[in-house]
Amino acid sequence: MSVLFDEPGPRARRRIRAATVLGTLAAVVLAALAVRQFAANGQLDAARWQPYATWPMWRYLLDGLGSTFLAAVVAAALSMAFGLALALGRLSPRAWVRGPAAGYVEVVRTIPALLLVYIVLFALPRYGLDLPLFWKLVVPLTASNAAAYAEIFRAGINSVERGQSEAGLAVGLTRFQTMRLIVLPQAARRVLPSLVSQSVGLLKDTSLGFVVSYGELLYSGKVLAAYNGLLIQTYLVVALVYLVVNASLSKLARTLEARQPVTLRTPRTLRRRTARA
């Protein structure tokens with residue numbers, strides 16, 4: 001997300017470190033209290049965890065994880081395409097294009113994704129549009145995340161030095177060719193870590209599939225808990241799977257950002273480099 005925000009100063013970094021330490025201590029204390037309470041109620045007995053040492057349990061959960069990835073990948077692809085179109089619309093010199101694109105982004109960013117799921121689930125069928133189960137989850141996630149991707153792409157495009165566009169126009173390229181061949185490749189490289197970070201949030205949003213009874217990971221855990229009666233154990237295992245997956249994607253985002261040239265990480269650095277040139 002460093003493309004969207006300046007790096008914090010020394011005082012802000014000290015506050016962030018202090019808040020991180022306090023938050024970590026609070027989390028450790030709460031975890032210790034939870035473990036103590038679970039042990040007191042017999043939730044840590046080996047017999048209650050034994051089913052999750054068997055392959056059938058994990059195969060069922062992994063099937064749900066596969067459905068989660070499928071919904072997330074399709075929604076991410078559609079959201080990025082739609083978000084790029086919205087970003088280009090917001091940057092258009094034509095007011096009749098720029099206005100609706102900006103209005104969509106500003107409005108949808110304030111609407112919870114769950115509300116969009118309810119609209120697709122309950123409102124659209126009343127008007128004769130009853131989508132398949134898979135699309136009842138993917139469509140609202142696409143509509144919601146496209147606004148976030150649009151702002152990421154717009155920030156990346158704006159971070160590219162204006163001289164790049166002027167050089168493209170000077171050699172005879174049209175505005176569309178300049179955007180496609182010169183500006184967008186640079187912008188996409190700069191915002192790649194932010195795109196991955198946003199995709200982590202989208203992956204977590206697929207848990208809303210339980211509302212439409214789509215068989216993603218959380219819904220699979222719900223069904224499994226109802227079947228074996230191991231409510232706490234099941235949801236802890238599901239939470240662990242989410243933690244591993246999302247932590248891996250977050251690590252990927254940090255790695256991609258670390259591999260970028262330092263001069264491309266913040267708009268402040270870009271402005272300094274442009275000023276020196």
Side-chain angles (χ1 to χ4, degrees), residues 1-6 70-121 123-124 127 129 131 134-162 164-165 168-169 173-206 208 249 253 256-257 260 264 266-267 270:
M1 300 299 287
S2 59
V3 172
L4 301 178
F5 303 100
D6 288 341
L70 178 61
V73 169
V74 174
L78 295 176
S79 297
M80 288 184 190
F82 189 22
L84 179 58
L86 288 171
L88 295 176
R90 294 201 68 175
L91 296 171
S92 173
R94 299 177 176 83
W96 62 271
V97 176
R98 186 173 62 253
Y104 178 90
V105 171
E106 296 301 328
V107 170
V108 173
R109 289 176 65 192
T110 64
I111 299 176
L114 180 59
L115 180 58
L116 296 178
V117 172
Y118 282 135
I119 291 174
V120 172
L121 182 61
L124 293 187
Y127 296 94
L129 186 57
L131 300 176
F134 176 76
W135 294 104
K136 286 181 179 178
L137 175 62
V138 171
V139 167
L141 291 184
T142 299
S144 177
N145 285 271
Y149 282 118
E151 290 299 273
I152 293 174
F153 280 122
R154 187 167 71 98
I157 293 172
N158 285 334
S159 72
V160 177
E161 296 83 345
R162 184 175 298 179
Q164 298 284 333
S165 299
L169 296 174
L173 297 177
T174 64
R175 291 187 179 276
F176 176 76
Q177 290 173 328
T178 301
M179 179 65 69
R180 180 172 63 88
L181 299 176
I182 298 177
V183 177
L184 282 182
Q186 298 182 67
R189 181 183 178 186
R190 296 179 181 187
V191 302
L192 185 57
S194 299
L195 294 177
V196 176
S197 297
Q198 179 62 31
S199 298
V200 173
L202 191 154
L203 181 66
K204 291 185 289 186
D205 286 344
T206 59
L208 296 175
L249 291 176
L256 291 173
E257 184 173 7
Q260 288 188 340
L264 298 182
T266 66
L270 288 171

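Basis for what follows: all heavy atoms, side chains included, without hydrogens, waters or symmetry-related copies.
- At a threshold of 4.5 Å between non-hydrogen side-chain atoms, the residues V120 and W135 do not count as touching.
- To the nearest 0.5 Å, the span separating CD on Q186 from CG on L181 amounts to 11.5 Å.
- Residue F176 holds its CZ atom at 9.0 Å from CG of L88, rounded to the nearest 0.5 Å.
- A donor-acceptor pair shorter than 3.5 Å cannot be found between the side chains of Y149 and T142.
- Distance alone, capped at 3.5 Å, is enough to place a donor-acceptor pair between the R190 side chain and the S159 backbone.
- For Y127, there are no side chain to side chain contact (heavy atoms under 4.5 Å, CB included) partners two or more places apart in sequence or in a different chain.
- Pairs of residues two or more places apart, or lying in two chains, never qualify as side chain to side chain donor-acceptor pair (under 3.5 Å) while including a residue from residues 76-87.
- Nearest heavy-atom pair, L208 versus A113, reported as atom, atom and distance to 0.1 Å: CD1-CB, 3.9 Å.
- Taking the side chain as every heavy atom from C-beta outward, S199 and L249 never approach each other to under 4.5 Å.
- Rounding to the nearest 0.5 angstrom, the gap separating the CD1 atom in I119 from the CD1 atom in I111 is 6.5 Å.
- Listed for the S144 side chain is no donor-acceptor partner under 3.5 Å among the backbone atoms of L141.
- Of all heavy-atom pairs between S197 and A253, the closest is OG-CB, 3.6 Å.
- Residues L131 and L129 have side chains in contact (heavy-atom distance under 4.5 Å, counting atoms from C-beta outward).
- When side chains are defined from C-beta on, M179 counts as touching I157, because their heavy atoms get closer than 4.5 Å.
- With sequence neighbours excluded, no residue forms a side chain to side chain donor-acceptor pair (under 3.5 Å) with T178.
- Between A75 and L202, the closest heavy-atom pair is CB-CD2, 3.9 Å.
- Taking both residues in full, the closest heavy atoms of V108 and A143 are given as CG1-O, 3.2 Å, listed atom of the first, atom of the second, then distance.
- Using a 4.5 Å heavy-atom threshold, the side chains of F153 and L184 count as separate.
- For the atom pair CD1 of I152 and CE of M80, the computed distance is 8.0 Å after rounding to the nearest 0.5 Å.
- Rounding to the nearest 0.5 Å gives a distance of 9.5 Å between CG of L173 and CZ of R180.
- Rounded to the nearest 0.5 angstrom, L203 CG and Q198 CD are separated by 11.5 Å.
- Residues meeting the side chain to side chain contact (heavy atoms under 4.5 Å, CB included) test with R162, sequence neighbours left out: E166.
- Looking at R98, its side chain does come within 3.5 Å of a backbone N or O of S92 through a donor-acceptor pair.
- With sequence neighbours excluded, the residues satisfying side chain to side chain contact (heavy atoms under 4.5 Å, CB included) with F82 are L86, Y104, A146.
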From CA spacing to verdict: side chain to side chain contact (heavy atoms under 4.5 Å, CB included), N158, L91
CA-CA 9 Å; N158 285 334; L91 296 171; 3.6 Å; yes
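- No more than 12 heavy atoms of other residues, nucleotides or ligands lie within 6.0 Å of OH in Y118, so this atom counts as exposed by the packing criterion.
- Each salt bridge (Lys or Arg N to Asp or Glu O under 4.0 Å) pair with one or both residues in residues 100-121, not counting sequence neighbours, appears once here: R90-E106, R109-E151.
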